[in-house]
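The first residue in the sequence is number 1, and the count goes up from there.
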Amino acid sequence: MKRQPAPAETLLAPDRLSDRLADLLQARIESGELQPQDRLPTEQELAERHGVSRTVVREAVSRLKSMGLLVSRQGSGVFVAPVSRAKALAFDPAVLHSLEAVVQIVEVRRALEGEVAALAAQRADDVAVERILSALAAIDAAVAAGGDGVEEDLHFHRTVAAATGNPQFTRLLGFLEQYQRDAMTVTRANEAMREDFMEQVRGEHREIAHAIAAHDPERARQAATTHMLRAARRIEEADASVRAALSDALVPRRHDSKGSAP
């Protein structure tokens, strides 16, 4: 008797199919439905079961591998990772898609950046201080040239992290950048329309840089924490048109049922 295929668990309303499939598989792993060392269904089986393309399956599996939840075994397939395997840091992709979540990421950075700046103030040598001051000047230069200064702003914070001498801080801030880049493009445009906002941001960056240059850890900690507090407030206090533009920038790209962009 021919075995009937399992009912399709179709993924509807595709915002990003690979993320939705990855979330579904991750939930099954975390609930214990899929146990450590269990073999995952084949790529074709997963595609048929969920009504998506094999490309979508590959992307979802790749994401879970990068998180340390799945491992490949040559010639055997893909398996749920052993429980002892370290997991990579990852946030729910939905964190990219709401104004509230952007503020939450700023709060995460607030908890981090104050200590980073304090350590930089303790440890920065003359070369590190010079790099921080150069990165600070690059923000104003970019804006004066007609740019938005987003990449220069991010680079400034990475340079402060590098001054701690601890590469893990640089890696962590680099990870968080992916959750802020689109939002920063809109919020810096918001700041550009408000001279008081622009000057406030400039002053906050200068205070961080100068506190580090003065090797004053407490001043640097306070300056970086204040900068993050005010960054969240500027988002929350943006006018309706800016908030609408920010929300539009955070809307997830939609994919068709075969996982290709429209």
Revision key, fill the gap. Taking every heavy atom of Val80 against every heavy atom of Gln35, the minimum-distance pair comes out as CB-O, 3.2 Å

Revision key, fill the gap. Closest heavy-atom pair, Ala135 versus Thr159, reported as atoms and distance to 0.1 Å, is CB-OG1, 3.9 Å

**Study point:** Residue that, paired with Arg202, satisfies side-chain contact (heavy atoms from CB on, under 4.5 Å) out of Arg206, Glu204, His205, Gln200
**Key:** Arg206

Practice item. Check step by step if side-chain contact (heavy atoms from CB on, under 4.5 Å) holds for Leu133 and His210. Key: CA-CA 8 Å; Leu133 295 175; His210 293 166; 4.2 Å; yes

Exercise for review: For the pair His215 (side chain) and Gln122 (backbone), establish whether a donor and an acceptor sit closer than 3.5 Å, ignoring hydrogens and angles.
Suggested key: no

Revision key, fill the gap. Rounded to the nearest 0.5 angstrom, the CG-NE2 distance for Leu17 and His50 is 11.5 Å

Check your understanding: For the atom pair CD1 (Ile105) and CD (Glu107), what is the distance rounded to the nearest 0.5 Å?
Key -> 9.5 Å

Practice item. Could you tell me whether Asp126 atom CG has more than 12 heavy atoms of other residues or ligands within 6.0 Å of it? Key: no

Point to revise | Plane angle bin for His157 and His227 - parallel if under 30°, tilted between 30 and 60°, otherwise perpendicular | key: parallel

Check your understanding: Can you check whether Arg39 reaches Ser76 side chain to side chain, under 4.5 Å on heavy atoms?
Key -> no

Point to revise | Residues which pass side chain to side chain contact (heavy atoms under 4.5 Å, CB included) with Ser31, listed by chain and number, not counting sequence neighbours | key: Glu33

Check your understanding: Does a salt bridge link Glu48 with Arg54, judged by any charged N lying under 4.0 Å from a carboxylate O?
Key -> no

**Study point:** Close side-chain approach of Arg63 to Glu59, heavy-atom, < 4.5 Å
**Key:** no

Review point. When rounded to the nearest 0.5 angstrom, what distance separates CZ in Arg58 from OG in Ser53?
Key: 7.5 Å

Review point. Going from CD on Glu177 to CG on Asp153, what distance comes out if it is rounded to the nearest 0.5 angstrom?
Key: 9.5 Å

Practice item. Identify whether the distance between the nearest side-chain nitrogen and carboxylate oxygen of Glu113 and Arg221 falls below 4.0 Å. Key: no

Review point. Measuring from Asn166:CG to Arg171:CZ, what's the distance to the nearest 0.5 Å?
Key: 9.0 Å

Check your understanding: What pair of heavy atoms forms the shortest contact from Pro41 to Leu46, and how long is it?
Key -> O-CD1, 3.7 Å

Check your understanding: Are Arg28 and Asp23 ion-paired here, with the side-chain N under 4.0 Å from a carboxylate O?
Key -> no

Exercise for review: Check the pair Leu112, Phe169 against side-chain contact (heavy atoms from CB on, under 4.5 Å), reporting the backbone distance first and the verdict last.
Suggested key: CA-CA 9 Å; Leu112 177 67; Phe169 284 128; 3.8 Å; yes

Practice item. Kindly determine whether Arg73 and Val78 satisfy side-chain contact (heavy atoms from CB on, under 4.5 Å), including the steps that lead there. Key: CA-CA 6 Å; Arg73 294 179 187 167; Val78 178; over 6 Å; no

Review point. Does some side-chain heavy atom of Arg20 sit less than 4.5 Å from a side-chain heavy atom of Val52?
Key: no

Revision key, fill the gap. Closest heavy-atom pair, Thr164 versus Ala120, reported as atoms and distance to 0.1 Å, is CG2-N, 3.8 Å

**Study point:** Partner set under side chain to side chain contact (heavy atoms under 4.5 Å, CB included) for Thr226, not counting sequence neighbours
**Key:** Gln222, Arg230

Point to revise | Same apolar cluster: Leu229 and Leu176, side chain cutoff 4.5 Å | key: no

Point to revise | Heavy-atom side-chain contact between Asp125 and Val129 under 4.5 Å | key: no

Practice item. Go through the steps to decide whether Ser134 and Arg131 satisfy the test side-chain hydrogen bond (donor to acceptor under 3.5 Å, both in side chains), and finish with yes or no. Key: CA-CA 5 Å; Ser134 294; Arg131 287 174 178 163; over 6 Å; no

Review point. Where is the tightest heavy-atom contact between Ala60 and Ala22, given as atom of each residue plus distance?
Key: CB-N, 3.7 Å

Point to revise | Side chain to side chain, Asp38 and Phe79, heavy atoms closer than 4.5 Å | key: no

**Study point:** Contacts of type ring pair (Phe, Tyr, Trp, His ring centres under 6.0 Å), residue His155, not counting sequence neighbours
**Key:** none

Practice item. Over all heavy atoms of both residues, which pair between Gly114 and Thr225 is shortest? Give the atoms and the distance, please. Key: CA-OG1, 3.7 Å

Point to revise | Distance in Å, Leu69 CG paired with Leu64 CG, rounded so as to fall on 0.5 Å steps | key: 5.5 Å

Practice item. Verify side-chain contact (heavy atoms from CB on, under 4.5 Å) between Gln104 and Val106, making sure each step is shown before the conclusion. Key: CA-CA 5 Å; Gln104 290 171 354; Val106 173; over 6 Å; no

Practice item. Indicate yes or no: at least one non-hydrogen side-chain atom of Ile212 is less than 4.5 angstrom from one of Val160. Key: yes

